[in-house]
Amino acid sequence: STWRSANTTVRELKLISENESFLLLSLPVRELQTLRVTLNSENLKPVTFSGESMVETGDVNLSQCEIMLQFDAVETLPDTLEIILENELNEKYIFGYASKKGVLYSDRTHAGNSGFSDQFAGSATAPFRSGKSLQLHLFVDAASAEIFVDGGKRVMTEILFPTSGFKILKVNAKGGEVTLSRTELYSLQRIW
């Protein structure tokens with residue numbers, strides 16, 4: 001009865017050595033794969049694009065899903081790379097990577113109801129430098145999004161309150177071309 005905000009996905013923590021320092025990885029536990037019920041990846045072949053592009057989601061419920069995407073640079077990663085979840089009311093949640101700034105961002109400015117607080121809507125950032133590819137692993141439900149970046153090197157969690165469930169998945173590459181080389185989409189069964 002006193003719960004508030006987002007619970008995070010159950011995680012496995014790993015300590016690795018990288019570039020002569022240690023890094024703590026945070027990964028979703030493998031057991032979450034048992035929640036997968038609807039798959040849409042068989043017809044999603046690699047595609048090279050710039051600008052905004054729709055991702056075919058088939059029967060996957062974007063308000064209760066798991067999304068895995070890998071972007072590979074054509075030459076270098078675009079200036080900005082975004083994942084956009086949107087509904088028919090033009091509410092949208094945007095997760096992005098600004099490669100030149102070395103920043104991940106999570107923008108819920110237009111993701112739905114935020115009238116309960118003038119400080120809720122906005123964008124959160126985290127420092128990050130990717131190589132020539134970027135892997136994103138998202139878990140989305142009706143009121144939260146959790147994004148694991150490059151095998152758990154960074155994780156961001158957001159709560160959001162869209163008026164209607166997300167139905168559209170877009171990717172956006174600004175300032176260059178990128179190849180979406182891996183796309184896996186799953187609806188997840190409810191466990192409560």
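What you see is a predicted model, and the numbers here were worked out from it, not measured in a lab.
Closest approach of Leu27 to Gly151, counting heavy atoms only: CD2-O, 2.9 Å. Across all their heavy atoms, Lys167 and Leu62 have their closest contact at C-CD1, 3.5 Å. Residues Gly176 and Ser50 come closest through the heavy atom pair O-CB, 3.3 Å. Heavy-atom minimum distance, Ala124 versus Glu158: CB-OE2, 3.6 Å. The shortest heavy-atom contact between Phe120 and Ile159 is CZ-O, 3.3 Å. When all heavy atoms of Arg11 and Val29 are compared, the pair lying nearest together is C-CG1, 3.7 Å.
At distances below 3.5 Å, not a single donor-acceptor pair connects side-chain atoms of Glu177 with backbone N or O atoms of Leu77. When atom types are taken as modelled, the side chain of Ser99 and the backbone of Pro78 share a donor-acceptor pair closer than 3.5 angstrom. Judged by distance alone, with hydrogens and angles left aside, the side-chain atoms of Asn87 form a donor-acceptor pair with the main-chain N or O of Ser164 at under 3.5 Å.
Surrounding CZ of Phe22 are at most 12 heavy atoms belonging to other residues, nucleotides or ligands under 6.0 Å away.
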Steps toward side-chain contact (heavy atoms from CB on, under 4.5 Å) verdict (Val149, Phe95): CA-CA 11 Å; Val149 181; Phe95 182 81; 3.9 Å; yes

Full working for salt bridge (charged side-chain N to carboxylate O under 4.0 Å, His left out) between Glu56 and Lys45: CA-CA 11 Å; Glu56 178 56 48; Lys45 304 213 182 321; over 6 Å; no

side-chain contact (heavy atoms from CB on, under 4.5 Å) between Thr9 and Phe148, worked out: CA-CA 10 Å; Thr9 303; Phe148 296 82; 4.2 Å; yes

Stepwise side-chain contact (heavy atoms from CB on, under 4.5 Å) check, Val74 with Thr48: CA-CA 8 Å; Val74 173; Thr48 299; 3.8 Å; yes

side-chain contact (heavy atoms from CB on, under 4.5 Å) between Phe49 and Val178, intermediate numbers included: CA-CA 6 Å; Phe49 69 97; Val178 68; 3.6 Å; yes

Candidate pair Lys170 and Glu86, rule salt bridge (charged side-chain N to carboxylate O under 4.0 Å, His left out), full reasoning: CA-CA 8 Å; Lys170 297 177 184 176; Glu86 193 172 322; 3.1 Å; yes

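Side-chain contact annotation: Asp72 with Ser181, donor-acceptor N/O pair under 3.5 Å present. For Thr163 and Glu91, the side-chain atoms include at least one donor-acceptor pair closer than 3.5 Å.
In the hydrophobic cluster analysis, where Ile, Leu, Val, Met, Phe, Trp and Tyr join through side-chain heavy atoms closer than 4.5 angstrom, Leu169 is grouped together with Ile147. Leu39 and Met68 fall within the same hydrophobic cluster, defined by Ile, Leu, Val, Met, Phe, Trp and Tyr side-chain heavy atoms under 4.5 Å apart, directly or through other members. Cluster membership for Leu180 and Val140, using ILVMFWY side-chain heavy atoms within less than 4.5 angstrom, is shared. No chain of hydrophobic side-chain contacts below 4.5 Å, direct or via other Ile, Leu, Val, Met, Phe, Trp or Tyr residues, connects Phe139 to Val37. At a threshold of 4.5 Å between side-chain heavy atoms, the hydrophobic network of Ile, Leu, Val, Met, Phe, Trp and Tyr places Val155 and Leu24 in two separate groups.
In this structure, the ring of Phe71 has its center no less than 6.0 angstrom from the ring center of Tyr97.
Separation of atoms CZ (Phe166) and CG (Leu85) is listed at 5.5 Å; rounding is to 0.5 Å. Between Thr38 atom OG1 and Gln64 atom CD the span is 11.0 Å, to the nearest 0.5 Å. How far CG of Asp59 is from CG of Leu185: 11.5 Å, rounded to the nearest 0.5 Å. The CD atom of Glu66 sits 11.5 Å away from the CD atom of Glu146 when rounded to the nearest 0.5 Å. With values rounded to the nearest 0.5 angstrom, Ile83 atom CD1 is found 12.0 Å from Ser106 atom OG. Atom OG of Ser133 and atom CD of Gln70 lie 5.0 Å apart (nearest 0.5 Å).
No side-chain heavy atom of Thr179 sits under 4.5 Å from any side-chain heavy atom of Val47. Using a 4.5 Å heavy-atom cutoff, the side chains of Thr125 and Leu104 are not in contact. With a 4.5 Å cut-off on side-chain heavy atoms, Asn172 and Ile84 count as touching.
Cluster partners of Leu25, using a side-chain heavy-atom cutoff of under 4.5 Å among ILVMFWY residues and allowing indirect links, are Ile16, Leu23.
Residues passing the salt bridge (Lys or Arg N to Asp or Glu O under 4.0 Å) test with Glu82 are Lys174, sequence neighbours excluded.
No cation-pi contact links Arg108 to Tyr93, judged by a cut-off of 6.0 Å to the six-membered ring centre and 45° from its axis.
Residue pairs that meet the side-chain hydrogen bond (donor to acceptor under 3.5 Å, both in side chains) test with at least one member in residues 14-23, sequence neighbours left out, are Glu18-Lys153.
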